[in-house]
Structure formats: structure tokens, C-alpha cells
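Have a look at the structure below, then the notes.
Hydrogens, waters and symmetry mates are skipped; everything else that's a heavy atom, side chains included, is used. Here is how names work: the chains are called A, B, and so on, in the same order as the sequence lines, proteins then strands, and each is numbered from 1. Values in this document were obtained by computation on a predicted structure and should not be read as measured data.
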Amino acid sequence: MTLYIFNTMTRAKEKFIPMHEGRIGMYVCGITAYDRCHIGHARSAVVFDAVVRHLRKRGYDVKFIRNFTDIDDKIINRAAEEGIGTTELAEREIAHFHQDMDALGVLRADIEPKATEHIDDIISLIQKLMDKGFAYEAGGDVYFAVRKFPSYGKLSRRNLEELQSGARIKPGENKKDPLDFALWKAAKPGEPQWNSPWEPGRPGWHIECSAMSMKYLGETLDIHGGGLDLAFPHHENERAQSEAATGKQFVRYWMHNGFVTIKGEKMSKSLGNFITIKDILSHFHPEALRLFLLSKHYRSPLDYSPDALEESTSALDRCYKALFEAQQAIQVPVKKKRPLPDEAINDLEIISRLVEQVNQAMDDDFNTALALGHIFNAVRALNRVLDKAASQSSALYKPGLEQSISVITGAADVLGILGMEPAEYIGARNMQTLAASGLSEEKLQELIDTRTKARQEKNWALADNIRNELSAKGIILKDTPSGTQWSADL
RNA sequence: GGCGGCGUAGCCAAGUGGCUAAGGCGACGGUCUGCAAAACCGUUAUUCCCCGGUUCGAAUCCGGGCGCCGCCUCCA
């Protein structure tokens with residue numbers, strides 16, 4: 001087993017070798033807690049959730065850290081707009097984040113540090129940079145001297161001259177070189193502040209990630225992840241600070257996920273084209289959103305549209321229906337021990353290979369799209385077995401079906417899908433549809449009974465009429481040997 | 001302007017030198033059914049934006065076009 005990870009630093013897929021055998025320290029940049037999360041945040045969270053799940057399945061002991069930035073300009077401004085405290089705002093949005101992520105099945109990080117709870121660690125890291133001559137105080141602020149760190153720009157492939165031409169010193173900044181960035185910002189009147197060896201103030205954005213990641217994971221992290229937009233300047237700056245302070249390699253593997261776009265354009269507040277996780281989950285199942293987010297390779301851009309979510313929903317429905325049918329088939333009492341046909345044996349074998357296929361796909365730089373393809377293939381094979389079992393029932397199907405259900409759900413777990421009881425999933429979708437149709441369960445059953453009677457009398461016109469009316473409300477009738485069943489239009 | 005990415009079927013998408021170019025959604029035909037639905041089977045890219053080149057062999061490598069997108073400022 002060899003795991004390959006595309007490393008942004010080298011722009012190549014590299015064999016993954018952690019610093020300490022069997023153990024992985026992983027840090028992913030979390031959110032700045034000032035507003036609801038949108039689907040772009042969901043992508044980053046779900047992608048790295050799948051990464052963690054896979055690494056753990058591969059037997060690694062993963063220590064996973066995801067931080068919260070709970071003090072910065074955006075938080076200060078928003079809190080002022082709302083007339084509340086920065087802590088109150090940050091706590092509220094952190095709670096929203098947890099709501100959204102729990103709904104999405106994103107596992108909690110092992111540690112979720114907040115910047116404001118690590119001021120001491122941040123200050124001592126800044127002090128270290130001062131002592132080593134990489135940082136200087138100016139007008140109460142403390143800045144990192146970019147030109148003192150020779151390999152600055154290596155991660156994002158930028159050279160200082162290019163950066164120099166675009167950079168400028170904004171009014172109110174006291175830095176000596178436009179390239180320098182703030183490690184500590186002196187507080188303006190009325191702003192939240194902490195005491196420091198310099199002026200009372202607050203940490204810059206970049207230093208908090210350096211301080212918190214190294215506090216919990218040591219001076220060298222195995223994996224550091226985040227959205228592609230964080231590569232510059234955030235991660236470039238983190239790297240400069242951390243390596244300047246320790247003299248050691250900060251990160252072994254840098255991972256960056258691509259953006260979510262809408263109609264081909266990056267989602268952003270200024271374009272007003274963002275959509276929140278909460279909004280999406282009010283229309284679509286959380287696992288459908290996960291399936292969508294993992295249907296394309298994590299480094300590519302992913303275009304959001306409601307239609308795309310509908311497609312993911314259809315695919316997810318098909319998987320759950322197959323699992324549900326398999327469970328039902330196991331329940332049906334069969335005494336005959338007729339030998340299984342070769343086709344069924346073949347299909348059961350195809351399914352049994354799924355775990356290894358998914359593992360291999362994930363080993364290759366977390367190819368979730370390929371892993372999904374394998375899962376869909378297994379589901380189709382399961383349906384084939386079910387077809388055979390229906391026409392040539394045999395008690396010998398049971399172990400194979402039980403095994404198949406557990407293989408498929410086990411394999412899908414790395415993607416965080418198919419984790420519900422199939423009956424529960426389908427039941428929830430049915431209830432949702434029933435509620436939307438405006439019919440009560442009793443009324444629906446009445447209509448079905450009327451139709452059954454009409455069918456017995458071969459009154460096809462009436463029967464079809466009832467079916468069509470229900471169909472218009474999203475309720476689909478299915479006539480089976482054991483009676484008529486209804487379900488949502490899955 | 002600098003740096004980087006992408007262009008594979010109706011739509012989404014995997015595949016980065018060599019078996020019949022995965023898979024999903026959709027569409028069409030078949031099996032099943034009173035007719036349907038679901039499920040299954042089959043069909044849906046002799047070809048991977050275009051033009052050259054390298055190679056015994058290219059969607060995959062190289063050069064040149066065309067088109068789209070991102071970063072260079074806060075941003076997952």
C-alpha cells in the first residue's frame with residue numbers, strides 16, 4: 001500500500017511518508033467566524049474530512065486540528081454593525097459552523113483551537129521572531145520582515161520583485177517594506193485588545209495558524225490543508241514565520257482544494273453569488289451534497305447548480321434503494337437451498353472487491369470521483385443479484401447479500417455517504433414528499449385502496465387517473481405482487 | 001502584465017504513453033407490467049478544443065493557436 005499526495009510545494013504527486021511512522025499531524029485552516037458558511041466552506045470541510053477518514057482507514061493515527069479565527073477585522077466590523085461583542089458574534093458563528101458540519105457528517109477535529117485562547121502562544125512565537133531578527137516593532141505594530149526570509153514565495157511560486165510592484169503600504173500601517181505583513185496589530189480605541197510586550201493589541205491572521213499548529217503538532221506538520229485561495233498569502237506567510245522561528249521544515253505536504261464556482265465564476269461576497277450550506281440543506285439531503293462535493297477531484301473547480309444537486313440526489317437514491325431492497329430480500333423467508341447461478345456468484349465477487357478498489361482510488365491523491373464510480377458499479381451488481389434472487393429464490397443468497405450490504409456501506413463510509421439506515425433514508429424522503437403534497441397518510445391510503453379496487457374490477461381509467469394525480473404531487477405508485485406501494489419520486 | 005489551472009458523449013466526470021476511453025444524470029429501445037414505476041439488459045465519444053511534432057504507439061509528452069477560469073488585496 002502506497003499513498004500518493006499532490007504536494008502544492010513541488011506541484012507533483014509524491015509518495016506519502018509521514019514524519020513519524022504510523023502517526024500523522026494534520027492541520028486545516030478553519031473559518032473566520034463572522035458569517036454563515038457557504039458551499040465553498042463545505043467543500044473544503046468535506047474534502048479534508050474524506051482525507052482524514054481515509055488516512056484513519058489506512059491505519060494511521062491521525063491528529064487533526066482545525067482552527068477558528070475568532071478575532072480579526074471582519075469580525076470587529078461585523079460585530080460593530082450588529083451592535084454586539086466580537087466574542088458573542090464569533091461564538092454564534094462557531095455554533096452555526098458546528099450545526100452545518102454536523103449535518104454534513106463532517107467529523108469534528110481532534111482539537112479546534114481558537115486564536116483568542118492562544119494569545120500567549122502567539123506572543124511567544126512573535127517574540128522568538130523578534131529575537132532572531134525576523135520581526136520588528138513599528139508604531140506599536142509588529143511586522144515580519146519578508147526580505148529576511150530568502151525562500152519567501154516558494155510555495156506560491158512568486159518572486160519578490162513581482163510582489164513588490166503590486167504591494168503598497170496602506171495608510172495607518174507602519175511597516176518598513178510593503179512586502180512585510182503584520183504579526184501584531186496595536187488596538188485602535190474601542191477594539192478588543194490583549195496585553196503584550198509591545199502595545200496592547202491583537203494578533204495578525206497568519207501568525208495564529210503558525211502558533212496553534214505547532215503548539216499541537218510540533219514544529220513540522222505532515223499535512224497542511226486549505227482552500228486554494230489560502231496558498232497566497234496566508235500559507236506563504238505561515239511557512240515563512242514558522243520556518244524562520246524554528247529553522248525546520250514547517251510542512252511536509254501542502255494540500256489545496258479547488259473552488260466552488262457558480263456558472264463558472266468563483267463564489268464571492270462581492271458578486272453576491274454565494275449560497276449557504278443552510279440554504280442547500282433546506283432543499284437537499286446532506287449526503288447528496290457530500291456526494292456532489294466529492295464527485296469531482298478535489299483540486300479542480302466544481303460548478304454548483306441546483307440541477308447538479310438533483311443529479312447527485314438521484315444517484316444517492318439509487319444506492320439507498322438497492323440497499324433497502326437487499327435488506328428486504330434477506331427478510332423474505334426462503335427454505336429452498338437452490339445453488340446460486342454463476343452470474344450471481346460473479347456479481348457477489350465484484351462487490352467483494354469494492355473495498356480494495358476504493359482504497360486504491362483514495363490512495364492515488366484521494367480520487368473520490370473514481371471511488372464513487374466503483375461504488376456505483378457495486379450497487380449495480382447488487383441490483384443484478386437482487387433481480388436473480390427474485391426470480392430464482394434461494395436461501396443461499398442471504399449470506400452474500402448481508403456481506404454485500406456491509407461491504408458497500410463500509411466502502412462508502414470513507415466518503416461519508418450511505419451511512420443511514422436505508423429504511424430511514426427512504427422513509428424521510430417519503431415523509432418529505434407526503435408533506436409537500438398536502439395529503440394525509442390516511443387520505444393517501446384511501447386513494448390507494450380505491451385504486452386497488454378499481455384495478456381488480458379492471459377499471460383502468462380510474463386506476464390510472466388516481467396514479468396520475470398522485471404522480472403530479474411527486475408520489476409514485478408501484479404495483480407489486482404483495483400489493484401497491486407508494487414512495488417519493490426517488 | 002506576472003504566475004497557475006482547465007478544455008473527454010446531451011450534461012457532469014475518471015483516466016496523464018499501449019488491454020474494448022470508468023462511472024453518474026438524461027435520452028432512446030428491450031425484459032417485467034393491464035399500462036406504468038422501480039430494477040436489469042442494450043444503445044448513446046472509432047474518439048478526447050484545433051493545427052503541427054516526438055514515438056512502433058498519444059486523450060495522455062512537446063510546440064503553436066483558440067476558448068474558459070483562478071491567484072497576484074480579505075476570501076475555503
Mind calculating the distance between [atom1] ([X]) and [atom2] ([N]) to the nearest angstrom?
| X | N | atom1 | atom2 | result |
| --- | --- | --- | --- | --- |
| A:Arg451 | B:rA36 | CZ | P | 13 Å |
| A:Glu311 | B:rG10 | CD | P | 15 Å |
| A:Asp49 | B:rA76 | CG | P | 18 Å |
| A:Phe232 | B:rC71 | CZ | P | 13 Å |
| A:Asn383 | B:rC41 | CG | P | 9 Å |

Check: For the side chain of A:Lys321, counting heavy atoms from C-beta on, which of B:rG24, B:rC72, B:rA39 is nearest?
Finding: B:rA39

Notebook entry, point to check: When you measure from every atom of RNA chain B, which of residues 354-369 of chain A have a heavy atom less than 4.0 Å away?
Noted result: A:Asn367, A:Ala369

Checklist line | Qualifying residues under salt bridge (Lys or Arg N to Asp or Glu O under 4.0 Å), relative to A:Arg92, sequence neighbours excluded | finding: A:Glu82

Next item on the list: Could you tell me whether the phosphate oxygens of B:rU31, OP1 or OP2, come under 4.0 Å of any side-chain nitrogen or oxygen in A:Arg384?
Entry: no

Note to self: Check this one for me: any side-chain N or O of A:Lys266 less than 4.0 Å away from OP1 or OP2 of B:rC71?
What the structure shows: yes

Checklist line | Counterpart base for B:rA38, defined by Watson-Crick or G-U wobble contacts under 3.5 Å | finding: none

Margin query: For A:Phe97 together with A:His41, are the ring centres under 6.0 Å from each other?
Written below: no

Note to self: With the six-membered base ring of B:rG34 as reference, does the ring of A:Trp460 sit under 5.5 Å away with planes under 30° apart?
What the structure shows: yes

